[in-house]
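Reading through the structure tokens given below for one structure.
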Amino acid sequence: MVSLALIGAFGAVVAGVEIALFAEQDVALWWLLALFPAGGCVHLAAGLEAWRRRPSNRTGPIMVIGALSWFVVALANTVTPVLVAVGVVLATTPLAVVVWLLHAFPSGRLRSRTSRLTVVGGFVVSLVLEVPGYLFDPGASPGGMLSVGHRADLLRAGTWLQRGAGIVVMLVTAGVLIDRLLTARPSQRGVLLPLYAYGILAVLATPLGPLLGPSAGLSVAQVVGLQIVLLAGVPVAFAVAMLRGGFARTAEIQELSAWLASSAATPEPLADALGRTLGDPSLQVVYASRDGRALVDGDGAPFDTSALGEHRGLVDIQLGSRRIGAVVYDATVIDDAELVRGAGQVAALAIDHDRLTAELRASHADLQQSRARLVEAGDRARQRIAQDLHDGLQVELVLLALEAQQLARLDGAADLPDAATRLRVGIDGAAQHLRGIVHALMPAALVERGLTAAIEDLVDRMPLPTRLAVAEVDGRLPATVERTAYFVVAEGLTNAVKHAAADTLTVTLEQAPARLVIGVSDDGVGGARQEGGAGLHGLADRVDALGGRFTIESPAGGGTHLVVELPCGS
Amino acid sequence: MRIVIGEDEALLRTGLTHVMQAAGFDVVASVGDAHELVRSAGEHLPDVVVTDIRMPPDHKDAGLRAALEIRREHPGIAVVVLSQHLQRAYAVELLGDGSSGVGYLLKQRIADIDTFTDDLRRVAAGGTVLDPEVVSLMVARARGHHDALDRLTPRQQQVLALMSEGRTNAAIARTLSITERAVVQHTSHIYDELDLALSDDDHRRVLAVIRYLSS
């Protein structure tokens, strides 16, 4: 932005100096001379405005180059020989720049080989074929400094060659533009047709003006003035058409599309590409969470839309009917939300791709963690069994073995029956202990009768009043589903008894199409968290491994409500 | 007394056979498969069938289903089912048809040989035997459903549990070291409190109590 201001200031100074010089020359038509730097200023203003508003569009820079050529051409009217010579050499470059503009509109880039050749041709006509004009005419440059002598024949031939080549350039240009008009949308055609016609007319006015002017009763000064005004109006017309004519989007989006097509090879962040396209380096792309309600940034952190400053605009990006994300931009740089939306829609697939990639990365990380936790849970369970066997059963068996050995030492046979019975009761106790361990690992009812029976049995043994509601669960479910559902209920009930300080517990089982819904609720103190206990976390992983959903609601004082959905193919 | 044994663990099957033979029972067959058990019971028509619940072919509850099938086809044959883990639902199913001569015990009870053989005799005679563990399970659960149970004194609750196990008044008196008269008083009070029809038949008494506890 600063550099644009500098260019503008530089142009204004040059124009001011030139106009001051012309005024000082004290010629009658000094205002006519002043029209050249004035036309340059118009170019400069239009070009800088276009550049500022659409930094990625090259139309603005082309116009600035045009302005430069006008300032240089204006030098031909000064009295300093060297400057005059420079002005003479570059006399027709403004026309070449208009041809360039015509071909480059609206993106500022030359899209076809024909266009590129034609524009180069235009500069050849204006720079190279201009040479005979001052080379063989000593009167064309101050003191004939550029001339090798007067050669009227060569001069005439050169002039005709330049005109012929110029006509070829303009015919090809007309052909290219007609072709574009034919392929343009009807709405664009309404803008393009007058714009192209005006551009061509402005160019042709230079060679045709001196030929047609006198017959129309115009003085030379009037003809020149008309030519200058026509040419100076060109950048204004193009700038207005570019900014307001509805081409901006297509032009910039063509560019964006090109980036998207090549984005596989250049992993440039999407936001940077969009920002560059729309001319807003501060532009951000945020992504919709899986349910589409919340927004997250590229790192997955929540994005708070209410914290946006007042000059930040936000446009939702949809794919089909689904919100996949949003573009946040600087509303002072881009005043047209539709422009952002259009660009966002073009990039929608890429945005969704980025979003899915982010989601995939997150779920991959989740998966790794949950796998690790499953392994840990398995290890913990093994460790607990080992501990139970070691601390409980093993000790009991050692004591029973001691007791059995004491039987051998009994002297009186009278004590034997009692001692033997004590031993038997001890063994019963150890057996019961073992049954408890086995049951915790794999409940008999679950193996023998399935889920409902096993949960009924579980509920029967609850120390708190427990209500069981079973709906539509009939027949056996897949073993993994039954076991997971059972352990969900068992762990949920155990936690409720241990931590919830509840009065009553409720278990619900419901078979919906293709899924089993399990609920465990209590009327206790609440405040349970999934992350809180290894038990709940382990369960969540188990449920996740089966592709189910695990939700826990536990507001303080509002009881704990565990709901698990497991897919089961029925 | 003629007995058919169903048990898939060969060691335990042999052990059971020895225990029963030592107690003077006539073990006419011992099999390790539920289908074979049904066939064998039909063939030998024993007084009692003793079977494990978890049995081949499915290693689930085939033993229980075989016992129920035998009861349906031969109401005269008493059945005692054994299990590592007791469930209220199984007790209800076994007593469901209202017929007499049913037992449901923890497997480990066989180690207390005297009590076990006594239980077998009672079942063979048309009595009912329920494991104390399954009874306590039923009583604990029923407590949440019936306020009347909480109005019973601790002693009356003990009597109720022993009744549910299928004990006779004499056995209850012995267990609690009280007189049979006192047991009768307790039972009549329990009947009043739970609003049950009075019955002298031990088996009907068990059915009524179990039905009450399961309702």
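Chain identifiers are assigned alphabetically (A, B, ...) following the order of the sequence lines, protein sequences preceding nucleic acid strands; residue numbering begins at 1 within each chain. Not measured: the values here are computed from a predicted model.
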- Message: Please identify, among R141(B), K107(B), Q84(B), the residue contributing the most non-hydrogen atom pairs under 4.5 Å to chain A.
- Response: Q84(B)

- Select one option (side chain, backbone, both, neither) describing which atoms of D112(B) are under 4.5 Å from chain A's heavy atoms. both

- So, R435(A) and Q108(B): side-chain donor and acceptor under 3.5 Å apart, yes or no? yes

- Task: Sort D428(A) into side chain, backbone, both or neither according to what part of it lies under 4.5 angstrom from a heavy atom of chain B.
- Result: both

- Query: Does the side chain of R384(A) pick up a donor-acceptor pair with the side chain of Q387(A) at under 3.5 Å?
  - Reply: no

- Query: Non-hydrogen atoms of chain A under 4.5 Å away: do they reach the side chain of A140(B), the backbone, both or neither?
  - Reply: neither

- Query: Is the closest side-chain heavy-atom distance between E456(A) and L468(A) below 4.5 Å?
  - Reply: yes

- What class does the angle between the rings of H85(B) and H439(A) fall in, given that below 30° is parallel, 30 to 60° is tilted and above 60° is perpendicular? parallel

